[in-house]
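First the proteins, then the strands, lettered A, B, ... as listed; each starts at 1.
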Amino acid sequence: MPENRDGHRISVTVNGTVREEMVDDRLTLADFLRERLRLTGTHLGCEHGVCGACTVLVDGDAVRSCLMLAVQSDGARIETVESLAEDGRLNTLQEAFKRNHALQCGFCTSGFLMSVTAALREGPIGDEQRAREVLSGNICRCTGYTGLVKAVLEADAERKDTAR
Amino acid sequence: MKPGRFAYHAPRELDEALALLKEHGDEAKVLAGGQSLMPMLNFRLAQIEHLIDINRLGGGLDAPRLDAGRIVIPALVRQRQVERSAEMARALPLLTSALKDVAHPQIRNRGTICGSLAHADPAAELPSVMTALDATFTIASADGVRTLGAADFFLFHLTTALEPEEILLEVAVDRLPDGTYSAFQEFATRHGDFALAAVAVTCGLDDAGAVTGCRVVAAGVAPTPQRLTAVEELATGRRLDEALLGEVAAAARDEVDPTSDIHASAMYRKRLTGVLVKRALADVGTQQEAAHA
């Protein structure tokens with residue numbers, strides 16, 4: 001098989017830290033984050049882009065880390081769920097998730113948090129319809145989404161308060 | 001669920017990518033956004049020897065070109081990039097409207113317009129949009145460049161006219177003339193899923209509200225985007241009123257021959273296609289009224 005035995009050297013900024021690593025051709029970004037960098041907050045559910053559990057931010061955009069190769073992230077800026085807490089404290093969005101019971105088993109939570117983080121940065125979310133759209137790219141099998149919608153709207157409102 | 005072994009290539013120049021494709025052809029795949037190819041690799045539904053990642057190619061492949069008469073979308077333009085562009089929304093509202101139904105933002109952030117076209121899923125939105133817009137597909141290989149229309153590009157389920165050593169370099173459409181409107185309608189069980197059926201329409205209307213010409217294309221009901229020529233002929237020359245909308249719905253229902261699957265029966269899809277054609281043409285009429293108000 002023609003796999004490159006030496007792998008590829010990549011330089012990628014993960015949660016603000018530059019990481020220089022050798023990666024194999026077929027290593028996904030998700031496995032790179034979890035197994036190489038031990039950032040196991042990023043979860044792998046379906047591994048074909050449907051469930052959203054592995055969502056991370058690449059250069060600010062929410063993407064499925066199971067559908068990107070680690071080698072493709074060379075030169076990119078990655079943010080994972082581990083970047084959200086500030087000084088060991090949950091951030092506003094995480095607090096809103098906690099308050100509103102937006103999680104039960106927690107498996108999908110990191111993906112939801114990253115998707116919503118990207119959406120909140122883009123601008124106001126506003127109403128329930130939009131909140132549901134923001135959440136639609138991630139699957140949760142526990143909560144029934146009511147708590148998730150409330151958490152998103154609450155975080156949205158708090159974001160506006162601090163922006164004022 | 002991990003990809004099988006392959007050699008990863010990330011050429012910087014198009015010539016280099018085309019040379020790799022010429023050398024490895026059948027054993028290679030082109031990686032653009034990866035939102036369809038990577039799942040197939042992860043599941044090992046596709047096993048390849050060489051992966052040719054075109055994301056590092058220069059040459060402006062990541063920027064749409066909007067000329068006075070023509071809009072060109074090269075291979076590395078992301079779906080989300082088009083969706084966010086006010087200029088593209090003015091130039092090609094049909095595409096912007098359809099993109100809202102293409103999966104989810106996380107997919108559209110990576111997925112490319114050309115990648116979705118080259119993948120040619122029968123239930124995907126963009127092939128029907130490009131068929132309605134009578135797009136030109138520019139295909140490159142180490143041996144040269146050729147162009148095809150949509151009818152010759154989409155051949156079957158997940159099958160296009162692209163040869164193993166070729167790449168879809170860009171897709172181009174003419175701006176719609178004044179007085180020509182467009183609309184996209186889709187129904188999916190959940191927003192973001194593939195369409196149970198979808199309809200893309202371009203339609204010219206004269207000042208009296210009569211149809212001067214139209215293209216009506218359905219997705220999800222045939223192996224490739226299906227032009228509903230009987231509907232087009234029925235509507236042309238007629239005033240776009242309630243009576244006509246009823247007739248086109250019936251004609252659309254009769255013209256498609258979808259299959260049943262776990263998601264919907266064939267009869268359901270037929271009826272749905274009729275409803276969507278009616279809604280799309282009604283939308284076109286509303287747009288003209290708004291333009292003249």
**Asked** Quick one: do the B:His191 and A:Ser136 side chains pair a donor with an acceptor below 3.5 Å?
**Response** no
**Message:** Just so I understand: if I count every heavy-atom pair under 4.5 Å between each of A:Val71, A:Leu27, A:Thr55, A:Val50 and chain B, which residue has the most?
**Reply:** A:Val71
**Best-contacting candidate, A:Gly75, A:Gly52, A:Ser115, against chain B by heavy atom pairs under 4.5 angstrom** = A:Ser115
**Message:** Quick check on B:Leu31 against chain A: is it the side chain, the backbone, both or neither that has a heavy atom closer than 4.5 Å?
**Reply:** side chain
**B:Arg78 versus chain A, the contacting section by heavy-atom distance below 4.5 Å** = neither
Is the shortest heavy-atom distance from the side chain of [X] to the side chain of [Y] under 4.5 Å?
{"X": "B:Tyr8", "Y": "A:Arg26", "answer": "no"}
{"X": "B:Gln35", "Y": "A:His48", "answer": "no"}
{"X": "A:Glu47", "Y": "B:Phe43", "answer": "no"}

In Å, rounded to the nearest 0.5 Å, how long is the span from [atom1] of [X] to [atom2] of [Y]?
{"X": "A:Thr28", "Y": "B:Leu41", "atom1": "OG1", "atom2": "CG", "value": "11.5 Å"}
{"X": "A:Asp74", "Y": "B:Arg56", "atom1": "CG", "atom2": "CZ", "value": "5.0 Å"}
{"X": "A:Asp25", "Y": "B:His9", "atom1": "CG", "atom2": "NE2", "value": "8.0 Å"}

**Message:** For the CZ atom on A:Arg34, are there more than 12 heavy atoms of other groups (residues, nucleotides or ligands in this structure) within a distance under 6.0 Å?
**Reply:** yes
**Prompt:** Taking only residues two or more places apart in sequence or in another chain, which ones pass side-chain hydrogen bond (donor to acceptor under 3.5 Å, both in side chains) with B:Lys100?
**Reply:** none
**Request:** Name, in order of residue number, those residues of residues 60-70 of chain A that have a heavy atom at a distance of less than 4.5 Å from a heavy atom in chain B; otherwise write 'none'.
**Result:** A:Asp61, A:Ala62, A:Val63, A:Arg64, A:Cys66, A:Leu67, A:Met68, A:Leu69
**Request:** Using a strict 4.0 Å threshold on nitrogen-to-oxygen distance, state whether A:Glu122 and B:Arg80 make a salt bridge.
**Result:** yes
**Asked** So which of B:Arg110, B:Gln106, B:Met40 has the biggest tally of heavy-atom pairs under 4.5 Å with chain A?
**Response** B:Gln106
**Request:** Heavy-atom pairs under 4.5 Å with chain A are the metric here; pick the option from B:Gly192, B:Gly4, B:Ala10 that has the most.
**Result:** B:Gly4
**Prompt:** Can you list the steps and then say if B:Lys2 with A:Asp31 is a salt bridge (charged side-chain N to carboxylate O under 4.0 Å, His left out)?
**Reply:** CA-CA 10 Å; B:Lys2 308 290 176 192; A:Asp31 285 336; 2.6 Å; yes
